[in-house]
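Below is one structure; the comments refer to it alone.
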Amino acid sequence: MQQSELAQALESTTIPVAYREFKDTKKNPAPLPPFITYQFAYGSDFVADNQNYVDIENFQIELYTSKKDPGTEKLVQDKLKELRLPYSKVEFFLESEELIQVIYEVQLI
């Protein structure tokens, strides 16, 4: 799966999606929660014999909500399961933003 396919799949959830961040302008204001950002986190290619055999890209998908929202989390998780993308999940409360951040980490091979 390519990054562009991941973006399209996330957009199909109907939750606003942006790579890394939303640019907040008068013409195009940033959305209110819930919204998703995603970004490349790091590579963990399969290497042998001094050669990269398989490109493995690790992405973070970040879901932001104004309160704990299991239904929205399930929507994202169901999409990842539909794509057969195993994920790990962590959650934080961003006090300064008053938002819940749920981070899903996936690998694209």
Side-chain angles (χ1 to χ4, degrees):
M1 173 177 277
Q2 301 291 319
Q3 176 183 333
S4 59
E5 295 168 306
L6 176 62
Q8 286 178 338
L10 293 172
E11 288 167 359
S12 76
T13 65
T14 69
I15 301 169
V17 176
Y19 184 81
R20 192 173 307 275
E21 65 182 334
F22 286 91
K23 302 293 184 188
D24 190 21
T25 64
K26 284 185 179 185
K27 206 173 200 181
N28 192 17
L32 296 173
F35 59 85
I36 294 172
T37 63
Y38 72 99
Q39 62 190 4
F40 174 80
Y42 60 95
S44 54
D45 295 356
F46 175 73
V47 179
D49 301 325
N50 280 340
Q51 187 171 348
N52 291 52
Y53 279 101
V54 178
D55 296 334
I56 302 172
E57 297 180 321
N58 296 277
F59 278 82
Q60 287 184 328
I61 299 164
E62 301 174 3
L63 171 65
Y64 294 90
T65 57
S66 55
K67 62 180 177 65
K68 181 70 176 168
D69 190 346
T72 303
E73 290 177 36
K74 184 175 180 343
L75 186 65
V76 173
Q77 292 166 192
D78 286 350
K79 179 55 68 173
L80 295 175
K81 289 173 185 173
E82 175 187 319
L83 297 169
R84 300 183 59 107
L85 287 175
Y87 59 85
S88 60
K89 173 184 170 180
V90 295
E91 179 181 296
F92 301 97
F93 177 68
L94 305 177
E95 219 171 300
S96 63
E97 304 292 327
E98 295 187 13
L99 291 174
I100 302 284
Q101 177 192 44
V102 179
I103 302 173
Y104 301 92
E105 186 172 300
V106 299
Q107 289 187 328
L108 302 185
I109 300 174

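Here, residue 1 is the first one in the sequence, and each next residue gets the next number. These figures come from a predicted structure and were not determined experimentally.
- No single ILVMFWY cluster, assembled from side-chain heavy atoms under 4.5 Å apart, contains both F40 and F22.
- Using modelled atom types, no side-chain atom of N52 and backbone atom of V47 make a donor-acceptor pair closer than 3.5 Å.
- The CG atom of D45 sits 8.0 Å away from the CD atom of E57 when rounded to the nearest 0.5 Å.
- Heavy atoms only, all atoms of each residue included: K79 and S12 are closest at NZ-OG, 3.0 Å.
- In this structure, E21 places its CD atom where more than 12 heavy-atom neighbours from other residues, nucleotides or ligands lie under 6.0 Å away.
- Taking both residues in full, the closest heavy atoms of L6 and Y38 are given as CD2-CD1, 4.4 Å, listed atom of the first, atom of the second, then distance.
- Closest approach of N58 and S44 over heavy atoms only: ND2-OG, 2.9 Å.
- Annotation: Q51, atom CD; neighbour count of heavy atoms from other residues, nucleotides and ligands within 6.0 Å is above 12.
- Atom CD of Q60 sits about 8.0 Å away from atom OH of Y42, to the nearest 0.5 Å.
- Counting only residues at least two apart or in different chains, ring-ring contact (aromatic ring centres under 6.0 Å, His included) contacts with residues 84-109 comprise Y87-Y104.
- Linking ILVMFWY side-chain heavy atoms closer than 4.5 Å, directly or via other members, places V106 and I103 in two distinct hydrophobic clusters.
- Here I100 contributes atom CD1 and E91 contributes atom CD; the two are 5.0 Å apart, rounded to the nearest 0.5 Å.
- By the criterion of side-chain heavy atoms lying less than 4.5 angstrom apart, applied directly or through intervening Ile, Leu, Val, Met, Phe, Trp or Tyr residues, L63 is not grouped with L99; the two fall into different hydrophobic clusters.
- A single hydrophobic cluster is seen to contain both L10 and L108, as judged by linkage of ILVMFWY side chains at heavy-atom distances under 4.5 Å, directly or through other members.
- The two residues A9 and L83 have their closest heavy-atom pair at CB-CD1, 3.4 Å.
- Residue T72 comes nearest to D69 through the heavy atom pair OG1-OD2, 2.6 Å, listed as atom of the first residue, atom of the second, then distance.
- Atom OG1 of T13 sits about 5.0 Å away from atom CG of L75, to the nearest 0.5 Å.
- In terms of heavy-atom proximity, P33 sits nearest to S66 at CB-N, 3.8 Å.
- Applying the 6.0 Å contact sphere to CG of L94 captures more than 12 heavy atoms from other residues, nucleotides or ligands.
- Between Y53 and F46, the ring planes are tilted. Angles from 30° to 60° get that label.
- No side-chain heavy atom of E97 sits under 4.5 Å from any side-chain heavy atom of Y64.
- Using a 4.5 Å heavy-atom cutoff, the side chains of F59 and Q39 are not in contact.
- A single hydrophobic cluster is seen to contain both M1 and V76, as judged by linkage of ILVMFWY side chains at heavy-atom distances under 4.5 Å, directly or through other members.
- A salt bridge (charged side-chain N to carboxylate O under 4.0 Å, His left out) with K89 is found for one member of E62, E105, E73 and no other, namely E73.
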